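In what follows, a structure is listed as structure tokens, so that the remarks can point back to it.
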Amino acid sequence: MWKSSFRLLKNSVKPRPKHLQWSNLSTQLQKTPTEVVDCVVIGAGVVGIAVARELALKGRDVLVVESASTFGTGTSSRNSEVIHAGIYYPPGSLKANLCVRGRKILYKYCSDHGVPHKQIGKLIVATTLTEIPKLRNLLDHGIENGVEGLRMMEGFEAMQMEPELQCVKALLSPCTGIVDSHSLMVSLLGEADNYRTTFSYNTTVIGGHIQDNSIHLHICESKDLEKCVENSSVRTQLILVPKLVINSTGLSALRLAKRLCGTHHGVIPESSYYARGCYFTLSKTRTAPFRHLIYPLPEDGGIGVHVTLDLDGNVKFGPDVEWIEGMDDISSFLNKFDYTVHGDRKNRFYPEIRKYYPNLKDGSLEPGYAGIRPKLSGPKQPPTDFVIQGENVHGVPGLVNLLGIESPGLTSSMAIAEYIVSKFLR
Ligand SMILES: Cc1cc2nc3c(=O)[nH]c(=O)nc-3n(C[C@H](O)[C@H](O)[C@H](O)COP(=O)(O)OP(=O)(O)OC[C@H]3O[C@@H](n4cnc5c(N)ncnc54)[C@H](O)[C@@H]3O)c2cc1C
Ligand SMILES: *[C@@H]1O[C@H](CO)[C@@H](O)[C@H](O)[C@H]1NC(C)=O
Ligand SMILES: *[C@@H]1O[C@H](CO)[C@@H](O)[C@H](O)[C@H]1NC(C)=O
Ligand SMILES: *[C@@H]1O[C@H](CO)[C@@H](O)[C@H](O)[C@H]1NC(C)=O
């Protein structure tokens, strides 16, 4: 019984007694208790939760393993909370398809389940004449991706719509919106829980191996892992043998991938890159200066320091792009990334923002929060697509790896779940 032998799963919402088996792989793992389970989702971010819900709705037994003490403490609570239209991504890419599909089902889901959201629309703005061709490119991409309602506007027209705005041309995207990502996760999680999903927090997957053509996940209590960060002598406390594993660990997915013996290492991208994005909030304003989201043209690694409004009408600017060093595997599993917003970065924000919002007052920006993008490409390299790898790619039966799920991962979360179920459920 994993409940009695392991405090580690004691936090499970609905522990179900399971038959115990003993692994006979190596002396080290020989005495490690082993559980045969149906589906395991690693990581309780918005993507992991959406996948768990979808599997549960299909009648599967799901266990979600999360290293933190609760859901959604990673990138899923450190983003712009924008429901993207699907403009930026190359036609035919997973990002394009899953964003457009994800947006539609997300709006419907939010309406049906009372998740706070608002379709406020967005303006992508060219602030110089030289930027206009890039704006047209975006329009073409958007149309090809099936984004509805896109319209090119003259500067004066956009500036009438948004009196604080300064631009020479703008692309209006009426189907862009905002969502309360925490409420979304609570709602998806509640549904998953009502079906057959167990959430095990404070529980980390530290690696795995293949045995008898089945994946064996090595599990450890996060608390014990904390002690091992310095010396990396991690001992597996439990082995799970699932029929299907969805690896949805966000920033550490690639590192976890590499710790899984038996995968064809050639198919797993070589390196992961991390790009921190900081937000500054606008203080000293009674009313928001804008009613729409305002975006400059995309920059290397991100889509530009933009204006985001939340559902309470607060205004924030961000995220910028700051490439940061990775860290050791265990620290990445425990989300020990540096999320500090360094106050001096605001000196870069003022001139960027004033290109389209010239009335931004000195001293009005205050440090907000930061999030980190899990990237598969580095500085100056072309952006990569979402990577969703199944057995056909890496050769491990029942394993689905989700890599590089950066923006628009929140918008796409429910479509990613749908895609996985249609493609990998046997
Ligand atoms: C600055 C920024 C702005 C963004 N803005 C937007 C936006 O406006 N709109 C949009 O659609 N998308 C946006 N995104 C993208 C979106 O936030 C992400 O794609 C999405 O949140 C990813 O969710 P996830 O579940 O894959 O990852 P995460 O939320 O990171 O969840 C992964 C989980 O796995 C856990 N974990 C890690 N390793 C282990 C392990 N070994 N064992 C067990 N658990 C583990 C972590 O603790 C974490 O809870 C933005 C991203 C960033 C960084
Ligand atoms: C997870 O661990 C933290 C810190 O050790 C603890 O405070 C929390 O109660 C644990 N979570 C659960 C669900 O037991
Ligand atoms: C590593 O840390 C663990 C936990 O503190 C400890 O039990 C173990 O002895 C340490 N190992 C080494 C080699 O220092
Ligand atoms: C997690 O995802 C990576 C991504 O490729 C994968 O290689 C790794 O094996 C996964 N981890 C586990 C334990 O399945």
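Whatever order the structure lists ligands and atoms in, that order sets their numbers, starting from 1. What you see is a predicted model, and the numbers here were worked out from it, not measured in a lab.
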Out of all atoms in ligand 1, which are within 4.0 Å of some heavy atom of [X]? Include the element for each.
X	value
Pro319	1 (C)
Val47	23 (O), 24 (P), 25 (O), 26 (O)
Val65	43 (C), 44 (N)
Gly48	25 (O)
Gly409	11 (O), 12 (N), 15 (C), 19 (O)
Arg373	53 (C)
Val46	21 (O), 23 (O), 25 (O)
Leu410	10 (C), 11 (O), 12 (N), 16 (C), 19 (O)

On a heavy-atom basis, which atom in [X] and which in [Y] lie closest, and how many Å separate them?
X	Y	value
Leu63	Leu240	CD2-CD1, 3.6 Å
Leu360	Ser364	CD1-OG, 3.3 Å
Ala56	Thr197	CB-OG1, 3.4 Å
Ala68	Thr73	CB-OG1, 3.4 Å

Could you work out, for [atom], the closest of [options] by heavy-atom distance?
atom	options	value
atom 3 (C) of ligand 2	Asn202, Thr203, Thr70	Asn202
atom 48 (C) of ligand 1	His218, Lys375, Lys95, Glu66	Glu66
atom 34 (O) of ligand 1	Ser412, Gly43, Ser413	Gly43

Option among Arg78, Arg373, Lys375 that satisfies the salt bridge (Lys or Arg N to Asp or Glu O under 4.0 Å) test with Glu406: Lys375
Whether Phe199 and Tyr201 hold their rings parallel, tilted or perpendicular, with breakpoints at 30° and 60°: parallel
Heavy-atom neighbours of Arg354 CZ exceed 12 at 6.0 Å: yes
Proximity of [X] to ligand 1 by residue part, where a heavy atom lies under 4.0 Å:
X	result
Thr203	backbone
Ile42	side chain
Tyr279	side chain
Glu81	backbone

Test of proximity, [X] against ligand 1: N or O pairs below 3.5 Å:
X	answer
Glu406	yes
Ser80	yes
Val82	yes
Gly72	no
Thr73	no
Asn79	yes
Val205	yes
Ser76	yes
Asn335	no
Ile405	yes

Side-chain H-bond candidate by donor/acceptor type, [X] with [Y], under 3.5 Å:
X	Y	value
Ser214	Asp212	no
Ser80	Tyr279	yes
Glu162	Tyr356	no
Thr204	Ser222	yes

Min heavy-atom dist Arg78 to ligand 1 below 4.0 Å: yes
Short side-chain to backbone donor-acceptor contact, Asn79 and Ser407, under 3.5 Å: no
is_close_aromatic(Phe349, Phe317), centroid dist under 6.0 Å: no
Enumerated ligand 2 atoms positioned under 4.0 Å from heavy atoms of Ser69: 1 (C)
4.5 Å side-chain heavy-atom contact, Phe333 and Val205: no
Within 45° cone of Tyr295 ring axis and under 6.0 Å: Lys122 NZ or CZ: yes
salt_bridge(Asp338, Arg276) N-O dist < 4.0 Å: yes
